[in-house]
Protein chains: 2
Amino acid sequence: MSHPKTITVDEAVVNCCSPIGVGALSELEAGDMAQIFGALSDPARLRMLSLIASEDEVCSCALEEPLGKSQPTISHHTRILAEAGLITGEKRGRWMWWRVVPERLKVVARILSE
Amino acid sequence: MSHPKTITVDEAVVNCCSPIGVGALSELEAGDMAQIFGALSDPARLRMLSLIASEDEVCSCALEEPLGKSQPTISHHTRILAEAGLITGEKRGRWMWWRVVPERLKVVARILSE
DNA sequence: TCATACTATTGACAACAGTCAATGTATTCA
DNA sequence: TGAATACATTGACTGTTGTCAATAGTATGA
């Protein structure tokens with residue numbers, strides 16, 4: 001989960017989500033948060049995320065076998081994690097390389113730890 | 001989200017869930033985590049949780065109106081949050097009183113912040 | 001005991017999500 | 001240019017989920 005390269009993180013990725021224990025959530029904010037947690041609510045995606053987080057960078061092609069899912073399914077899941085801002089991908093040559101966005105994980109952790 | 005009363009928390013609630021960035025998750029662990037995140041993946045439940053977390057204790061009857069959902073739907077959602085270990089309920093008289101389980105929220109936060 | 005009030009359960013339905021085979025797109029290399 | 005490779009998209013199918021009306025359960029108070 002270390003991060004040698006400096007990558008720019010979209011502001012919206014970090015400027016998000018007030019903690020849960022301080023006043024009622026707006027419907028809008030609740031919807032945004034629900035999208036993030038929804039991305040984390042599938043076992044395959046959680047294992048995928050943990051695989052990516054354990055390396056510095058992981059190729060899509062390296063996920064198929066350990067997860068035991070078809071290529072389209074892998075593609076589907078990476079997309080959902082990416083749309084939630086939890087991972088980010090870069091295409092280099094034929095390969096798609098994924099890495100986690102630690103800032104985003106911290107945002108989510110902060111939601112819950114007050 | 002403060003907690004005047006001492007409540008005993010089931011061990012399994014706290015002894016759970018290794019961080020995401022350290023080695024691949026087992027299928028079993030991924031399933032457990034997915035259940036928790038699944039409970040957090042609905043806007044109504046997130047607003048519900050934030051309402052409960054903002055008070056010390058909240059009656060089921062006090063959730064219907066702010067969430068704009070029917071009584072059976074409220075009951076459905078409290079059950080899912082409770083099964084995920086995120087809230088705990090106590091029946092007193094005719095009323096069901098809910099409070100958050102801060103230890104559980106911290107567990108989830110720890111999954112992501114390592 | 002009867003009526004009232006709060007919650008849980010059941011059943012039904014529409015919307016959504018996970019999965020894969022088939023196909024399309026883009027990149028590399030001969 | 002053509003073949004091979006990695007990934008994305010589409011379409012179809014199945015299973016799950018959010019929702020509520022209707023009903024059942026349980027506690028209170030007259």
Side-chain angles (χ1 to χ4, degrees), chain A residues 25 27-52 55 57-99, chain B residues 25 27-28 30-52 55 57-84 86-99:
Chain A
L25 251 45
E27 294 196 39
L28 207 93
E29 219 173 359
D32 290 349
M33 286 189 197
Q35 193 213 352
I36 304 178
F37 288 119
L40 293 168
S41 73
D42 179 78
R45 281 197 293 272
L46 281 175
R47 300 213 299 141
M48 180 177 264
L49 187 61
S50 92
L51 283 169
I52 300 174
E55 309 285 331
E57 222 179 20
V58 176
C59 171
S60 277
C61 60
L63 295 170
E64 227 164 302
E65 188 263 326
L67 294 180
K69 305 282 180 189
S70 73
Q71 179 270 316
T73 299
I74 298 295
S75 180
H76 171 70
H77 286 314
T78 49
R79 163 195 265 249
I80 288 177
L81 286 176
E83 282 175 352
L86 295 165
I87 63 175
T88 182
E90 188 188 346
K91 187 159 192 178
R92 290 205 298 276
R94 287 189 278 227
W95 295 271
M96 194 66 188
W97 293 95
W98 299 99
R99 47 177 66 212
Chain B
L25 249 46
E27 293 195 39
L28 207 94
D32 289 350
M33 287 188 196
Q35 191 213 352
I36 303 177
F37 288 119
L40 294 168
S41 71
D42 179 79
R45 281 196 293 272
L46 282 175
R47 301 215 296 143
M48 179 177 265
L49 187 62
S50 92
L51 283 170
I52 300 174
E55 308 285 331
E57 221 178 19
V58 177
C59 171
S60 277
C61 60
L63 295 170
E64 229 163 298
E65 188 264 325
L67 294 180
K69 305 283 179 187
S70 72
Q71 179 272 315
T73 298
I74 298 294
S75 180
H76 171 70
H77 287 314
T78 49
R79 163 196 266 250
I80 289 177
L81 286 175
E83 282 175 352
L86 295 164
I87 63 175
T88 182
E90 187 187 348
K91 189 158 191 179
R92 288 204 299 276
R94 287 189 278 228
W95 294 272
M96 193 65 186
W97 292 95
W98 299 100
R99 46 177 67 211

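Each chain gets a letter, A, B and so on, in the order its sequence line appears, and its residues count up from 1. What you see is a predicted model; the values in this text were computed from it and never measured.
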- Message: Under 4.0 Å from OP1 or OP2 of C:dG18: is there any side-chain N or O of A:Arg45 that close?
- Response: yes
- Query: Can you find a side chain N or O atom of B:Arg92 that sits less than 4.0 Å from OP1 or OP2 on D:dA27?
  - Reply: no
Please give, in whole Å, the distance from [N] [atom2] to [X] [atom1]?
| X | N | atom1 | atom2 | answer |
| --- | --- | --- | --- | --- |
| B:Trp95 | D:dT26 | CH2 | C1' | 13 Å |
| A:Lys91 | D:dC7 | NZ | C1' | 6 Å |
| A:Asp42 | D:dT17 | CG | C1' | 14 Å |
| A:Gln35 | C:dC16 | CD | C1' | 14 Å |
| B:Glu64 | C:dT7 | CD | P | 8 Å |
| A:Trp98 | D:dA8 | CH2 | C1' | 10 Å |
| A:Glu90 | D:dC7 | CD | P | 14 Å |
| A:Met48 | D:dC7 | CE | C1' | 12 Å |

With no hydrogens and no angle check, is any side-chain donor or acceptor of [X] less than 3.5 Å from a backbone partner on [Y]?
| X | Y | value |
| --- | --- | --- |
| B:Ser50 | B:Arg47 | yes |
| A:Thr78 | A:Ile74 | yes |
| A:Arg45 | A:Gly38 | yes |

- Item | Non-hydrogen side-chain atoms of A:Ile80 and A:His76 separated by less than 4.5 Å | yes
- Closest to the 5' end of DNA chain C, once B:Trp97 and A:Ser41 are matched to their nearest nucleotides, is B:Trp97
- Message: On DNA chain C, compare the nucleotides closest to A:Arg94 and A:Gly38; which residue's is nearer the 5' end?
- Response: A:Gly38
- Nucleotide of D:dA4, C:dT7, D:dC7 approaching A:Cys59 most closely (side-chain heavy atoms): D:dC7
- From A:Trp95, A:Trp98, A:Trp97, residue fulfilling side-chain hydrogen bond (donor to acceptor under 3.5 Å, both in side chains) relative to A:Ser60: A:Trp98
- Considering only heavy atoms, which members of residues 65-80 of chain A lie under 4.0 Å from some atom of DNA chain D? A:Gln71, A:Pro72, A:Ser75, A:Arg79
- Task: Dump the intermediate steps for side-chain contact (heavy atoms from CB on, under 4.5 Å) on B:Thr73 and B:Leu67, then the final yes or no.
- Result: CA-CA 10 Å; B:Thr73 298; B:Leu67 294 180; over 6 Å; no
- Message: Could you go through B:Glu83 and B:Gln35, starting from their C-alpha distance and side-chain angles, then the distance that decides it, and tell me whether this counts as side-chain contact (heavy atoms from CB on, under 4.5 Å)?
- Response: CA-CA 9 Å; B:Glu83 282 175 352; B:Gln35 191 213 352; 4.1 Å; yes
